[in-house]
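Okay, so here's the structure we're looking at.
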Amino acid sequence: MSLALVKYLPVTGNVPFIRMRFFALGLSALVLLFSLFEFANVGINFGIDFRGGIQTEVETAPETSIEDVRTVVSALELGEPRIQEAGNSLEARHTILIALPLQPGEGAEAERANQAARETLEAAIAENFPDAQLRGTTVIGGAVSGELVVTGFTAIGVALFLMLIYIWFRFEWQYSVGAIVALIHDVIATVGMFSVTQMTFDLATVAAILTIVGYSMNDTVVVYDRIRENLRKYKKMPLPEVLNLSINDTLSRTILTSATTLVALISLYLIGGASLEGFAFAMIWGIVIGTYSSIFVASPLLLFTQVQRDSGESSDQ
């Protein structure tokens, strides 16, 4: 008796994805508008990588509250602290991230001031919370953080542009428009999610977004390959039916790939600790939104760009 779970997934189906395109595109438009609104009004909780400053990761007993830590750190008068809890409920101890702004000064003077602030912060934590364990302190200057902002967002822009060129060469311009709109949709929705949740947005998050871009593009290419194949095969079938057939043909592959990836990412999120929490969260959200956009955004857009049928050798059905 076979125990393979894959046999319970349909090889092909008849889910009316294309018929739901207006609802799906409307939902996507609302998500994007809400994401942009949140980004403009609330902003993103940039990590120390992007804003510069001093960040200490402290592991404490569960009874130590954030307010207790905030009271101690605020009394040091080193600037307005940003304190948040990281980790998850599976851990016996929890992790608190303490961030301080860069200390005033220029050049070597600023370096000495930041180093002194770091030592003062660590001493205050050790004195007031004897059970706490310092897991590391990072100091990043303003010039470095500014360069990281430019580099990080440039990397995302270049990745999107290269994906556009790749799809254009592999398929036609109609496909590249759909793919890039879907990728921009994924990036904006991910940034919006970070704006809503106020989770730390750092270089690990940028790496996650770049990974999401690659994953979503791979998923879209699989669907596009089947669409192109079916356009050649079914010359008389209306375009909406060809698109719907192609999405259903690749549906089992999409479900299996997304599910197995999510299993690994959810495990990483639950047991990976505070340092991997933002990366894993971004990846989980990105896999979900990327799978959605491949089906409900990239494919239906081919109806609006009027993709042409290839004239390859095929059966006429």
Side-chain angles (χ1 to χ4, degrees), residues 17-18 20-21 24-40 44 149-196 201 203-228 243 246-247 250-251 253-255 257-258 261-262 265 278-307:
F17 292 111
I18 298 301
M20 296 185 288
R21 67 185 182 277
L25 292 175
L27 178 62
S28 293
L30 288 177
V31 169
L32 296 186
L33 288 174
F34 181 73
S35 297
L36 293 174
F37 176 81
E38 284 292 303
F39 177 75
I44 295 178
V149 170
V150 174
T151 302
F153 285 95
T154 299
I156 295 175
V158 170
L160 292 176
F161 176 75
L162 292 178
M163 291 294 182
L164 169 65
I165 300 300
Y166 167 73
I167 292 295
W168 198 331
F169 274 100
R170 177 159 181 173
F171 298 97
E172 298 174 6
W173 70 266
Q174 291 96 336
Y175 292 94
S176 65
V177 170
I180 289 303
V181 169
L183 290 181
I184 293 174
H185 168 277
D186 298 344
V187 171
I188 293 177
T190 301
V191 171
M193 178 58 70
F194 271 83
S195 182
V196 171
F201 190 98
L203 284 178
T205 309
V206 173
I209 290 177
L210 292 174
T211 306
I212 291 166
V213 167
Y215 181 93
S216 180
M217 178 58 70
N218 180 68
D219 210 21
T220 301
V221 165
V222 170
V223 179
Y224 276 180
D225 268 329
R226 184 56 59 90
I227 290 173
R228 183 170 59 177
L243 297 181
S246 303
I247 296 172
T250 58
L251 188 59
R253 177 263 177 202
T254 299
I255 293 173
T257 303
S258 299
T261 306
L262 284 174
L265 289 172
F279 175 83
F281 176 81
M283 286 294 298
I284 291 170
W285 170 255
I287 295 301
V288 173
I289 201 71
T291 301
Y292 167 87
S293 67
S294 296
I295 295 173
F296 288 107
V297 178
S299 299
L301 283 176
L302 295 179
L303 288 173
F304 299 98
T305 56
Q306 291 298 305
V307 64

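Heavy atoms only: backbone and side chains are in, while hydrogens, waters and symmetry mates are out. Every value quoted in this text rests on a predicted model; they were computed, and no experiment measured them.
Residues Ser195 and Val191 form no side-chain contact, since every pair of their non-hydrogen atoms from C-beta on lies 4.5 Å or further apart. Between Thr220 and Tyr215 the shortest side-chain heavy-atom distance does not fall below 4.5 Å.
Heavy-atom minimum distance, Phe279 versus Ala207: CE1-C, 4.3 Å. In this structure, Arg21 and Pro300 approach most closely via the heavy-atom pair CB-CB, 3.9 Å. Across all non-hydrogen atoms, the minimal contact from Ile289 to Asp186 is O-OD1, 3.4 Å. Taking every heavy atom of both residues into account, Ser28 and Val297 meet most closely at OG-CG2, 3.7 Å. Listed here is the closest heavy atom pair of Ala155 and Leu210: O-CD2, 3.7 Å.
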### Task
List the steps, then state whether ring pair (Phe, Tyr, Trp, His ring centres under 6.0 Å) holds for Phe281 with Phe194.
CA-CA 9 Å; Phe281 176 81; Phe194 271 83; 5.8 Å; yes
### Query
Given the rule in the side chain to side chain contact (heavy atoms under 4.5 Å, CB included) test, do Ser216 and Ser294 qualify, once you have shown the distances and angles that lead to the verdict?
CA-CA 7 Å; Ser216 180; Ser294 296; 4.1 Å; yes
#### Entry: side chain to side chain contact (heavy atoms under 4.5 Å, CB included) between Thr257 and Asp219, intermediate numbers included
CA-CA 9 Å; Thr257 303; Asp219 210 21; 5.8 Å; no
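No side-chain donor from either of Ser293 and His185 sits under 3.5 Å from a side-chain acceptor of the other. Counting only N and O atoms by type, the side chains of Thr250 and Tyr224 include no donor and acceptor under 3.5 Å apart.
Atom CE in Met193 sits 9.0 Å away from atom CZ in Phe34 (nearest 0.5 Å).
Screening Thr190, Leu183, Val187 for a side chain to side chain contact (heavy atoms under 4.5 Å, CB included) involving Ile212 leaves a single residue, Thr190.
A donor-acceptor distance shorter than 3.5 angstrom exists from the side chain of Tyr292 to the backbone of Ala24, with no hydrogens or angles considered. A side-chain donor-acceptor contact under 3.5 Å links Trp285 to the backbone of Ala189.
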